[in-house]
Q: 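Please read through the structure below; I'll follow up with questions.
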Amino acid sequence: MPPHRPEITEPCRVRFAPSPTGSLHVGGARTALFNWLIARRTGGRFILRLEDTDRERSTPESEAEILRVLTWMGLDWDEGPYRQSERDDVYADAVERLKASGAVYAAYETDEELEEQRAEARRNKQAPVVRGRREYSDEELARFAEEGRRPVWRFAVPLPGETVIEDMVRGTVTFGHDNIEDFVVVRSDGSPTYNLAAAVDDVEMGITHVIRGEDHISNTPKQMLVMRALGAEPPAYAHIPLILGPDKKRLSKRHGAASVEEFEADGFLAEPLCNSLALLGWSFDGKTERFSLPELVEAFSVGRISKSPSVFDLRKTEVMHGRYLRMMEPEAFTEALVNYLRSTGFIDAHGGEPAVEIVRRSAPAVKGKIARLSEYVNLAGWLFEPLAIEPAAWDVLTADVKHSIQVIGGGLGRLESLPEFTVEAVKDALQDQLHVMGEAARDFLEPQRIAVTGRLVSTGTYESLALLGREEAFSRYRATLARLADIWATA
RNA sequence: GGCGCAUUCGUCUAGGGGCCUAGGACGCUGGCCUCUCACGCCGGUAACACGGGUUCGAAUCCCGUAUGCGCUACCA
């Protein structure tokens, strides 16, 4: 691994700076996680900043969702959220200084002219960069004013020259200024662009380390240029590898569950999700994989962040999540399950508080069998509805009607004499009955389970019976027996 | 097209010249356990992109090639 890689050891000031244009995706969540981890690890500060300079696409809903998800994940911030849309004066001040020093210039090119400039460069197999005209005659200026043409302000990239990033993950990365165009810093409507706002904010907020996705690396020299023009020294940078979908392209909504919100809705818990996210692009020793959030804080280091992108493996995330659920304290699991089922509306849809009781009682029977909380419904959903035997399960019973009747009847008869109806008592009784009847466990127990749950897949036979309680269990037994008897009679 | 980055089992990864006939995990697979679905346990499968160097010795260092990805906006 990239052993002597620089490490952050002093308390740092890091930031997570999403643009509120959608829900928080896995990639962004991991970036937030890494920043948060290193802040907590070093006793530094984690700052939240919303980059909403794109007023068209930024929405308050998205912002609220991002804050909510971050909180859900357990990633609390020490400062902010700052909003770039509320910091116009800060940027205006920076722009004034840039103008005063001649670091930026007004450019009046039309879209067509810019397009032609880039096309021309392409034709010559050159970098498609834009260099605006810096001098205009008074007549031209007057004409533009008359036409209502407003300039954008471009950064005058110094030529010749180069900007070098000493990236904490990738090492030295050099960009020749020939390949950096005179990027726009102020739009024609006077608003700041991302490269200006991000640079100004990182300086102004005293950010010491910028940890962000690799997709930002080509913006970095631009931002460094702005910072230096402002007389500031850029922070340290760590560009982390992208998270890919199965097709090796950057993970996005196209790949299915790509937003944290969806994972949450699918019944994933925050801590194990963070655990999985942390393992994408970072490893501790190549062997240890289970980390609680506090353990991650303890173990995390930027020096062990990988340089190459990683494909997100949903299956592995699920497996790890299942293990986490199995290891939870029973009470914690039950509460998490109840909370989840409340949030999905399952509780309300099944009678409210009485349903909570059923969930609580059945939780132990599903703990250890599910990887995601949403799977509870498949295993125990039948508990909340009247008996309805699904077709495939009915086929099992009717494959040998006579045998089913005998076995189910035998089970019922034995159970009816039970003084108490606990899992243990039911188990002992059924096991005994199975031997008495000389049946194989499978041939005997499967029909019992189907008779009362109606499902091919459900909680275990003994648990299911005990969960239903004597009366309900017997009534279901009898209903199933009656149906089978009908078939037997007509056959 | 330009610039940048990356490249170890299908996937996540360990690996800083000999400890590597490449380790762990998921997947897949064989078996055990077993009332369904799962869990758990035991075993197997499978990788250093390619080509040149450097070196007694390279997955590890250098160069090149290939491939992939990112960026290439008055989006962030």
Q: Using purine N1 to pyrimidine N3 plus N6-O4 or O6-N4 for Watson-Crick, or N1-O2 and O6-N3 for G-U wobble, each under 3.5 Å, what pairs with B:G4?
A: B:C69

Q: Salt bridge check: are A:E181 and A:K222 linked by an N-O gap of less than 4.0 Å?
A: no

Q: With rounding to whole Å, what would you report as the distance between B:G27 and B:A38 at their P atoms?
A: 12 Å

Q: For B:C71, does the base pair up with any side-chain atom of A:S218 as donor and acceptor (N or O, under 3.5 Å, distance only)?
A: no

Q: With heavy atoms under 4.0 Å as the rule, sort A:T174 into base, sugar-phosphate or nothing.
A: sugar-phosphate

Q: Classify A:P128 by what it touches in the nucleic acid, base, sugar-phosphate, or nothing, heavy-atom distance under 4.0 Å.
A: base

Q: Given the structure, check if the side chain of A:K369 and the base of B:C37 hold any donor-acceptor pair shorter than 3.5 Å.
A: yes

Q: In whole Å, what separates the C1' atom of B:U7 from that of B:A49?
A: 7 Å

Q: Does the structure show a Watson-Crick or G-U wobble partner for B:C35, both distances under 3.5 Å? Name it, or say none.
A: none

Q: For A:E446 and A:V396, indicate whether the former's side chain and the latter's backbone hold a donor-acceptor pair under 3.5 Å.
A: no

Q: If you go through the side-chain atoms of A:K307, does one of them form a donor-acceptor pair with the base of B:A6 closer than 3.5 Å?
A: no

Q: For A:L114 and for A:I217, find the nucleotide of RNA chain B with the closest heavy atom, then tell me which residue's nucleotide is more 5'.
A: A:I217

Q: State the pairing partner of B:C19; accept Watson-Crick or G-U wobble contacts with both distances under 3.5 Å, and report none otherwise.
A: none

Q: Determine: side-chain N/O of A:T193 to OP1/OP2 of B:C74, distance under 4.0 Å, yes or no.
A: no

Q: Is any side-chain N or O of A:D52 under 3.5 Å from a base N or O of B:A76, one able to act as donor and the other as acceptor?
A: no

Q: Answer with yes or no whether A:S310 presents, from its side chain, a donor or acceptor under 3.5 Å of a partner atom in the base of B:C12.
A: no

Q: Considering Watson-Crick and G-U wobble pairs with both distances under 3.5 Å, what does B:U55 pair with?
A: none

Q: For A:R49, is there an ion pair with A:E51 - N to carboxylate O distance below 4.0 angstrom?
A: yes

Q: Given the P atoms of B:A25 and B:U60, what is the spacing between them in whole Å?
A: 25 Å

Q: Which nucleotide sits closest to the side chain of A:Y194: B:C26, B:U36, B:A76?
A: B:A76

Q: For A:Y376 and A:Y340, I'd like to know if the aromatic rings sit close, meaning centre-to-centre distance below 6.0 Å.
A: no

Q: Go through B:C71, B:G23, B:C35 for me and flag the one nearest to the A:R250 side chain.
A: B:C71

Q: Quick one: label A:F175 by what it contacts on the DNA or RNA (base, sugar-phosphate, nothing), any heavy atom closer than 4.0 Å.
A: sugar-phosphate

Q: Base, sugar-phosphate, or nothing: which does A:G281 touch, judged by heavy atoms less than 4.0 Å apart?
A: sugar-phosphate

Q: Name the orientation of the base relative to the sugar in B:C39: syn if the glycosidic angle is within 90° of 0, else anti.
A: syn

Q: Check the phosphate of B:C26 against A:R315, side-chain N and O only, distance under 4.0 Å to OP1 or OP2. Yes or no?
A: no

Q: Who does B:C26 pair with, Watson-Crick or G-U, both distances under 3.5 Å?
A: B:G10

Q: Give A:D178 one of three labels, base, sugar-phosphate or nothing, depending on what nucleic acid heavy atoms sit under 4.0 Å from its own.
A: nothing

Q: Would you say the side-chain atoms of A:N124 and A:E120 include a donor-acceptor pair closer than 3.5 Å?
A: yes

Q: In the structure shown, which nucleotide is the Watson-Crick or G-U wobble counterpart of B:C74, with both distances under 3.5 Å?
A: none

Q: Please work out which of the three classes, parallel, tilted or perpendicular, describes the rings of A:H239 and A:Y237, given edges at 30° and 60°.
A: parallel

Q: Among A:L37, A:L293, A:V260, exactly one meets side chain to side chain contact (heavy atoms under 4.5 Å, CB included) together with A:C274. Which residue is that?
A: A:L293

Q: Looking at the side chain of A:S308, which of B:C26, B:U7, B:G2 is the nearest nucleotide?
A: B:U7

Q: Determine the interatomic distance between P on B:U67 and the same-named atom on B:C50; round to the nearest Å.
A: 15 Å

